[in-house]
Structure formats: C-alpha cells, structure tokens
Amino acid sequence: MSTPLPSTSAAQTGHATFRHFPLNAWFAAAWDHEVGRNLLAKTIAGKPIVMYRTTKGRAVALADACWHRLSPLSMGKLRGEDEIMCGYHGICYDADGRATFMPAQETINPSATVHSYPVVEKYRYVWVWTGDPALADESLVPDLHMNDSPDWAGDGKTIHVNCSYQLIIDNLMDLTHEQFVHGSSIGHESLSESDFEVTHDERTVTVTKWMHGIEPPPFWKRNLQDRFPDYEGLVDRWQIITYTAPSTVTIDVGVAKAGTGAPEGDRSQGVTGTVINTMTPETDSTCFYLWAFARDWCLDKQVITTRLREGVSGVFFEDEVMLEAQQRGIEANPGYDFYNLNIDAGSMWTRRVVQRLIDAERGTDVEETTERAGNAAVAMTAVTEAANAAGANDTPNGTGLAAEVEEGVARHREQPTVGLMGRGL
Amino acid sequence: MAATTHKRWRKARVLDVCEVAEHVRQVVLEPEYLEAPAPPGSHIDIGVYVNGRADIRSYSVVGMGAYGNELMLGVQLARQSRGGSAFMHALRRGQEVQITQPLQNFPLNYGKPGYVLAAGGIGITALVAMGKALKVRGADYRFVYGARSRSLMAFVDDLVAEHGDRMDLRIDADGSSLDVPALVDGVPEGGELYVCGPTPMLDAIKAAWAKAGRRPADLRFETFGSSGRFAPEPFTVKIPRLGLETVVSHDVSMLEALEACGADLMFDCRRGECGLCQVKVLELEGVIDHRDVFLSDAQHEVNDRLQSCVSRVVSPRTGGLSGADGQPAAVTIDVP
Ligand code: FES
Ligand code: FES
Ligand SMILES: [Fe+2]
C-alpha cells in the first residue's frame, strides 16, 4: 500500500494511486453457489480466507492460516458437521475458528484459534466482514434485493480484474465512457453530451442522467421490443447510478417510449434494468468484480436472462481490457497523476467517502494490510488452489517459519495468589 | 486477531497506580503509540525486573481510558511472588516501562445466543472488557464474579453499577460460594462460557463442563500461569545423565533453575500451554504440583512427566502423603 493519505482533500483522493480500502466493511466474497462442502480459498482485502459450508448449510469464513505454523487451512479437509482439519498436522477448528482437536496431545491449547470472519448471506452473495467483528452490523450490507426478488429476473458472474477496485468504481460512476468503450452495444453520442447531476451523503453518491427523445442504442432497442415488439420510435433513456460505500454500485437503467412520462416517474411504457456491481478488493491492485443484471420485464423468460447475462458479460469484457490497461498505465508512470475532469465528479465523491471511512478506521481494531502482505496472500492462494486442483495431499516440507524465540526472557504470566476461590470449591 | 502476532515493543509511561482492592493495584499506562485499541480478552507483555534480572510478565488489559490512549491493568501482589507483581506494585507515576501492543489469546466470539463470564479473584481482569463489549452489543449475558471476600474484589463496585442484575457476585465469606454445576447449567445451549480464575476453579468448571456433555470448544478459558495446588517451596532437581543437581528456590521455575545451571532445554510459551519444556520424571520424593494445561488430568495422575516451566514439586509432608516425615522435596528427571 502506498503511504496513507493524511487528509481527505480532493487533490489527494483523486490520485492515480488512490486504492485503499476500508476493512470495517462487508465485501461480497463469493456467489452463494460457489461456497459449498469444499474449501474455497480467496484473498479478500489483503486477507487470506478459506470459505466453506457446514452440513447445516451455514457459510463459514476462516483465516486461511493455521494457528500452528500458518499453513493454509484450505489445503486441509472438511471434517464432521462444521469443522476443518489442517492438512499439515491435523489441528481441527470449528466454524468459530476454535481448535477442537490437537495432534499428539490429550488437551486443547486454549489459545488455539484462527479468526472466524463474520459472514452474512444476502442477495445471492456471501458477504465477509474483514474488520473489527464487534462492528459487523448486518444492516450495512448494501441493498441489492433485485438480485433475488420475485419482481426481478437476472443473473451475473464474477470477473477477476487486475486493477484496483477503485478504478472499477470510477468506471461505473462515469458512463461517458460507454460511447467510446461500448460503442457497438450501449454507447450513444448523447451520453457524452447530456448533462448529469451528482448528489451525495455520508455513504452514498448518486449520479443521474436523462437523455430525452433519443434513438435507442441496439441493446436497448432489443430490450424494449421484448415488451413492445412493434415499437420503433424514439426513447427517453435514464441512468441513475447509486454508489454505496465502500464498493457497491447499482445502476438503474432503462428506456421508455419517448414522451410517455418516464422522467416524471411513469415507466409503464418502458423497460427497467438494474446493473448490480459489487467490487471486492483482493490486493491494492487486483479485485473481484461481482456483477449481475436484473430486469423487470418478461420475468418468466429464461432465454432473456441468458441473453442479457452473456450480452452484459461481453460489454464488461470491454471495460476489463481498458481497466487492466489503465492499471498498468498507472504503474508504468509512477511520477504522473490523474487530471480529474468534471465528468469524474461522481468518482471523486466516492473516493472521498472511502477516504473518510479509512480515516475513521485509523487507530481502531483493524490492521493495516500492506501491499506486500496482500500480494503474498494472493501468491499463497494460488499455491493452495494449484495444490487443491492437482488433488495433491502431500504438504510442503517442514521448513516452516522461524519460531519467534526471545532469548533469555521468561514469558510467564504473573501467578495469582493461590486459591482465592480455591477453598470454596 | 487470533493468530499469534509478533510482539512489537514500545515505551509507555505510568500515569497512575492506585489500590483498587486488598493487594490489588490498578496500573494505568500511556503507551507511546497504539496501533489499535485493545480487543476484549487481550493482554500486554511488560518488561519487569525481578531479583535484578530483566523478565517479562503478561497482564490482561482491563480497559482503556476515555480517549482510547491508555491501558488499564489490574495487578495482584502475589503472596509467593516471583517478583513481577512486586515490581508492578512499586511502579510510580511518570516512570517509563516497556510494553508490547495488546496481544490476543482469548478472543470474544460475537453472535452467540448467550454468554456467561465467570471470574475468580484477579481473573476478573481478563473479563471486564468482555463484559463491556457484550453489554454494548446488547448480548444476552451473565457475569459471575467470585472471591473469598468482597474486600479482595477489584473493580466490583464499577461492575455492579455497569451490569446491574446481570452481575452475580459469589463471595465465600458471605456464604454464597460459586456453585459450579449450576454455573454450567446456566449457559444456554450453543452459548459460551468464558472463564478466568485460579486453577481449582478452572479445573472444577472443566470437569463439570465435560460431565454435562457440553461442547468443549464452547468453554473458553485463559491460562493464567496456573497457581497450582500448593504454595511454591524449594525442591531439588537432579539430571543424572548430565550430572546436574540444583535447588529450585520458591521464586524461580524449574526451567529457569535448570537453565541457570547450564541445561539446554527447549521451551516456547513458558506458561504451561505448549508442552515443549516437558521433562521425564524418573524418581520423585514428594508430590508434583502440575500447573500446566498441556497434559490432561489422566496424564497428570501418572506423574511420569511434567512441564518444567510451571510445574513444581512439594515435600511429602506438604503434599499430604501419609507417613511423611520431614524429608525435603526432590525430583530426578531426564531431559530431551
Ligand atoms: S496443524 Fe496446521 S500447521 Fe500444523
Ligand atoms: S514452555 Fe510451553 S509448556 Fe513449558
Ligand atoms: Fe463500461
């Protein structure tokens, strides 16, 4: 991680290298179907985490490092109803990360624990709280109900992107790029021409853009024709982008027959979609991008769900190419910085919101994740996955980490007076 | 978090030392810096001088000042102190000490249907912050605090004021001693019991917990450098294979005494948890006072090994052996 930024001025949060993330946050670690009776290793916000489900179906996220010698637990095995067994020397932990079995001894060391991350399953995602567990409040999960509400239909995917999660937020907060990056599908010259409005509060930023009486771009023409097969005319188009800290963006998008009152709130002559985007930092310069597209029309047509998912997937691939190139551009030009424009207002606000969250965390019970630690964690995840994929059961040989030995000092606990309670028992 | 963290040492200034119960002083420290507040259940290590030698002791963090930049400890002057608590009690305002960041071996788990915290005597220091955290979370909890008499109970008035009806004081002198089976029964299914107190209390609770068939991982306890069954007394230790013989005086551990006469022993935790300092017992005159939590009760009974960092030997008479006349305590061992 680059040096922490001391204040929240726009000049600083607008930096090309701004890519910190708060830890007191719910991050979507996976789609619900990805977590099962297998061991899923991922680095979330710089922290190696192993996820699985208990036989009762509860999703669990433990620190992916054994208390004993820090081997990845994800190279181990599931055991019993809710336990995981380290693949190295067999220490078992329950879903709370407490040791339940230790090899070659009859007792269990009371400090044998690994961190169990608070987990919430909501809106088809498994959310993990990476910060102080005492603050893990379920109501802070961003509202993505369209992802599993009967009033909506849709689906999505996960993309692993080699760029900071912040660059994706920037991208989503500014849809001017559609004209240039996505010219063949959703782009339209009116996008870069029309005015937009930005509002914000402590945790959200909203960018609203209306385009009145325009020719619909191909993607939207087709969607509108799902519902109104004969309509060939102009449309009113909207994009209402809502950011929720630290890394979720929902975009209310759609078109309606021009002049039928959509801007005033009557969307009965149109079609509405929600692009659901939630980004989960992996390291400072890589992230998971979980997206979905939900629609409010023709809910019973799976063929449309598939068409939209694959269509949007293609659109996002165009973003991915640009964003990864941008990340490389930033790294290849270490002395250079962004020049922020008016079109970046939405993104600038999100950066300020994030910076304030990070500032508020300074001196609280979350540990700073360093870039090195994050990258090491990712390398470890890769090793684990490779080993798991190969079905290899053999463990790395035991060079281990050097034990921390403090020469010449005793580490006793002070001994309390004998038996304060002793007599009573 | 729960993984063992590297210790990072820093200076701290003593802001205050004051009596909070008989033989118990509260020590308030202001560290030079603090990366993060002390989580409930954490402790710090502090450099002390014992018999003119530098040594390290651990104390639970009872709480932090209103501005989050102070660490409050509670230190009981141990009767047979090896010197650490005497050093702590002699601290004066303005003095400088060396401490680590708060270290966590005893994490509190949120989101359980119910909790019981059970403190015996000075063990309260490990649970005060947990009680506060549970209250803030609106958790369902009961806080049991036992001691021989009220005058020995540090922080008791504050705790009663803070926790009201949830506080359950068990005072031997008032005839309301802790009822261990009832304590265990009082932990709801799926709830957790956090214990910090002297060995006999912990042993009794562990036994009752096992007897009730409760899930072992739901009983959380911190080992406190167990206080053992007997007051420490000097004993002789011999290692025939190395031709070593030395006396372990009442205020040093067997491990320290052996190190001092040149034995090369392995260790890590030095508080009876890890089992690395284990030695084989070849011959015994007296009774072993096992003070570790590494060996099981059944293993303790066999008396064929002991954890040299904490466990001791007392004379046959102290140990209550029949026909004991005044012979001194001695143990013959072999080491790895
Ligand atoms: S049991 Fe996990 S590293 Fe040894
Ligand atoms: S050194 Fe760990 S039990 Fe003695
Ligand atoms: Fe895009």
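Every chain is numbered from 1 and lettered A, B, ... according to where its sequence line falls, protein lines coming before strand lines. Computed from heavy atoms alone, side chains included, the values below leave out hydrogens, waters and symmetry copies. Computed from a prediction, not measured in an experiment: that's the story for all the values here.
Only the side chain of B:E192 has a heavy atom closer than 4.5 Å to any heavy atom of chain A. The parts of A:A134 that come within reach of chain B are both its backbone and its side chain, each placing non-hydrogen atoms under 4.5 angstrom from that chain. For B:L295, the part lying near chain A is the backbone, with the side chain staying farther off; criterion is any non-hydrogen pair under 4.5 Å. No part of B:A133 comes within reach of chain A, as not one of its non-hydrogen atoms sits under 4.5 angstrom from that chain. Residue B:Y110 touches chain A through its side chain alone, counting heavy-atom pairs closer than 4.5 Å.
Contact detail for A:A99 and B:A217: the closest heavy-atom pair is O-CB, 4.4 Å. Nearest heavy atom pair, residue B:R271 against residue A:S111, reads NH2-OG, 4.4 Å. Smallest separation of non-hydrogen atoms from B:P107 and A:R98: O-NH2, 3.0 Å. When all heavy atoms of A:T113 and B:R220 are compared, the pair lying nearest together is CG2-NH2, 3.5 Å.
Atoms OG1 and CG, on A:T100 and B:D218 in that order, are 11.0 Å from each other to the nearest 0.5 Å. Considering CD of B:E273 and OG1 of A:T107, their distance stands at 10.0 Å, rounded to 0.5 Å. With rounding to the nearest 0.5 angstrom, the CZ atom of B:F294 is 12.0 Å from the CD1 atom of A:I108.
You'll find the side chain of B:R215 reaches within 4.5 Å of the side chain of A:D94, heavy atoms only.
In the displayed structure, B:H23 atom NE2 is contacted under 6.0 Å by at most 12 heavy atoms of other residues, nucleotides or ligands. For OH of B:Y33, the number of neighbouring non-hydrogen atoms (other residues, nucleotides, ligands) closer than 6.0 Å is greater than 12. More than 12 heavy atoms of other residues, nucleotides or ligands shown are found within 6.0 angstrom of CD on A:Q105. By the 6.0 Å contact criterion, NZ on B:K112 is enclosed, its count of non-hydrogen atoms from other residues, nucleotides or ligands being greater than 12.
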